[in-house]
There are 2 protein chains.
Amino acid sequence: MPMKLDIAQRLSQYRSVLYKLKALGFVRVFSDNLGDALELSPALVRKDFSLFHLTGNKRVGYQIDDLLAKLNRLLGKDKTQKIVIVGCGKIGQALMSYSGFAREGIQVVAGFDTNPAVINPHAPLPILDLKEFGPFIKREGIRIAIMAVPDNAAAQVLDVLRGSEIRGVLNFAPVPLRGGDHCIIRNINIGLEIENLFYHVKFSGKLGGRTP
Amino acid sequence: MPMKLDIAQRLSQYRSVLYKLKALGFVRVFSDNLGDALELSPALVRKDFSLFHLTGNKRVGYQIDDLLAKLNRLLGKDKTQKIVIVGCGKIGQALMSYSGFAREGIQVVAGFDTNPAVINPHAPLPILDLKEFGPFIKREGIRIAIMAVPDNAAAQVLDVLRGSEIRGVLNFAPVPLRGGDHCIIRNINIGLEIENLFYHVKFSGKLGGRTP
DNA sequence: TCGTTGTTGTGAAATGATTCACATATCTTC
DNA sequence: GAAGATATGTGAATCATTTCACAACAACGA
């Protein structure tokens, strides 16, 4: 059960497949190649593209380079995307050295914490006091933050982020947070994901059954 | 934009707010209380419940304890859910000591790795050689694993998991993996989530626009 | 006891997402 | 340069999800 993706996520996936095809030497691609690679119908691929005015040519398909250029612009991949990490405990620090970011053009520019023991403004990747959050974000023009704080601190820390120029938050605290008008929150609750897996494994596919 | 949840995820959420209400002293709850708490329509809450034969009483609402007992059974929360973690690098180790699991009745029983430097079968939470994976899983009756391995190892490691009794995998490697008939995979690609946030922040809500 | 109030449970309606199907355009070959 | 083959782009049809709307029923008050 490959977890239904929304259109924005599909755009990212198209992009990733296109890079692979390009590396393999392909120059053009058809909607059914992409469909096969991602288990989507070719019609959906074309609908998605047409929604964003990504056009191809009949009989000839889509030019990979052209598509990639447009997708990269659409997804903001034409410039480095700067983010900060709030909460530098185990998970926060693991994310600070996560190699998957660089590959995606994402740069972690600083960490923030309230614990003096981890604060270190002069490290190559500085960890600053949460007090300095607002001004730093403003000065550096950061819009996106990752929150990896203990659940009991989550609400308070969120207030700090919401009082800043931050517009999007990826939250790893096991507390579902609610954004506001000008701040989008994406909650990743690992415990919940596991719970969900148990559920799907239990009812592999078929729904609505009572426990036997 | 609170990211559309599927019905299984909603069940988990109902459970979580029911616990909060119960802690507050509530005994009964109405579909619109739950709707308000989760930003869902009360009708959807009732539809969800009715699909799983979770019944209430007209004019009186739902009994929280009853609902929780049924939800817990449905979600497998009536017994401890055992999992293992494959890949004990930074992220793997952060997850091994992640406090969110215990609270959800999830128990990490072992880690696996191929690097002799981190293998330690006698630690309180043992880290074993990946070679022992299959037999261990079988002996302990584990069905779910978390994969936190480098992307270049992901495919190989997945083969090991698929050759075992594992039926569900939560994958943190930045490579989208495909399950098979008897193995469900949930990919969590942190880079991609960030990419997505940038996208949603860029088009806060309105879709389909061309870049100005 | 009987009306009034408030909430469930669920068909029917509305909305949203995906697939179908085909007219249209481009390449290829003869 | 005409005929044939193949892929796009999209309106219409289908399928899935969510909301509406209301009958049926339980509690309460007079």
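Every value quoted in this text rests on a predicted model; they were computed, and no experiment measured them. So that the names make sense, note that chain A is the first sequence line, chain B the second, and so on, each numbered from 1.
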Exercise for the section: Write out all pairs satisfying ring pair (Phe, Tyr, Trp, His ring centres under 6.0 Å) with one or both partners inside residues 133-163 of chain A, taking only residues at least two apart or from two chains. Expected result: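 Counting only pairs at least two positions apart or across chains, the ring pair (Phe, Tyr, Trp, His ring centres under 6.0 Å) contacts touching residues 133-163 of chain A are A:Phe112-A:Phe133, A:Phe112-A:Phe136.
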Problem - Range on DNA chain D touched by chain A - first to last nucleotide, heavy-atom distance under 4.0 Å - result: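 Here the contact window of chain A covers D:dG4 to D:dA12.
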Problem - Over 12 non-hydrogen atoms of neighbours within 6.0 angstrom of OH in A:Tyr19 - result: yes
Handout entry: Neighbour count >12 (heavy atoms, 6.0 Å) for atom CD, B:Gln156
Key = no
Exercise for the section: Kindly indicate whether the side chain of A:Phe30, heavy atoms from C-beta on, has any atom under 4.5 Å from the side chain of A:Asn33. Expected result: yes
Handout entry: Min side-chain heavy-atom separation B:Lys77-A:Glu195 under 4.5 Å
Key = yes
Problem - Donor-acceptor contact below 3.5 Å, side chain A:Asp6 vs main chain A:Gln9 - result: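 Looks like yes, one N/O pair under 3.5 Å.
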Handout entry: 5' to 3' contact window, DNA chain C with chain B (heavy-atom distance under 4.0 Å)
Key = C:dT5 to C:dA12
Practice task
Compute whether any side-chain donor of one residue and acceptor of the other, for B:Gln107 and B:Thr80, lie under 3.5 angstrom apart.
Solution key: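 No, B:Thr80 and B:Gln107 have no side-chain donor paired with an acceptor closer than 3.5 Å.
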Handout entry: Touch class at under 4.0 angstrom, heavy-atom based, for A:Arg28 against every strand present
Key = nothing
Practice task
Mind checking A:Phe49 for me? I need base, sugar-phosphate or nothing, with any heavy atom below 4.0 Å counting as a touch.
Solution key: nothing
Practice task
Any chance you could lay out the salt bridge (charged side-chain N to carboxylate O under 4.0 Å, His left out) test for A:Arg15 and A:Glu104, step after step, and finish with the verdict?
Solution key: CA-CA 11 Å; A:Arg15 178 173 170 276; A:Glu104 289 293 336; 3.3 Å; yes
Practice task
Return the 5'-most residue of the pair A:Arg59, A:Arg10 with respect to DNA chain C, ranking by each residue's nearest nucleotide.
Solution key: A:Arg10
Exercise for the section: Name the residue closer to the 5' end of DNA chain C, choosing between B:Lys47 and A:Arg46 according to the nucleotide with the nearest heavy atom. Expected result: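 Its nucleotide being nearer the 5' end, the pick is B:Lys47.
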Fill in the blank from the handout: Assign each of A:Ala43 and A:Val60 the nucleotide of DNA chain D bearing its closest heavy atom; nearer the 5' end lies the nucleotide of A:Val60
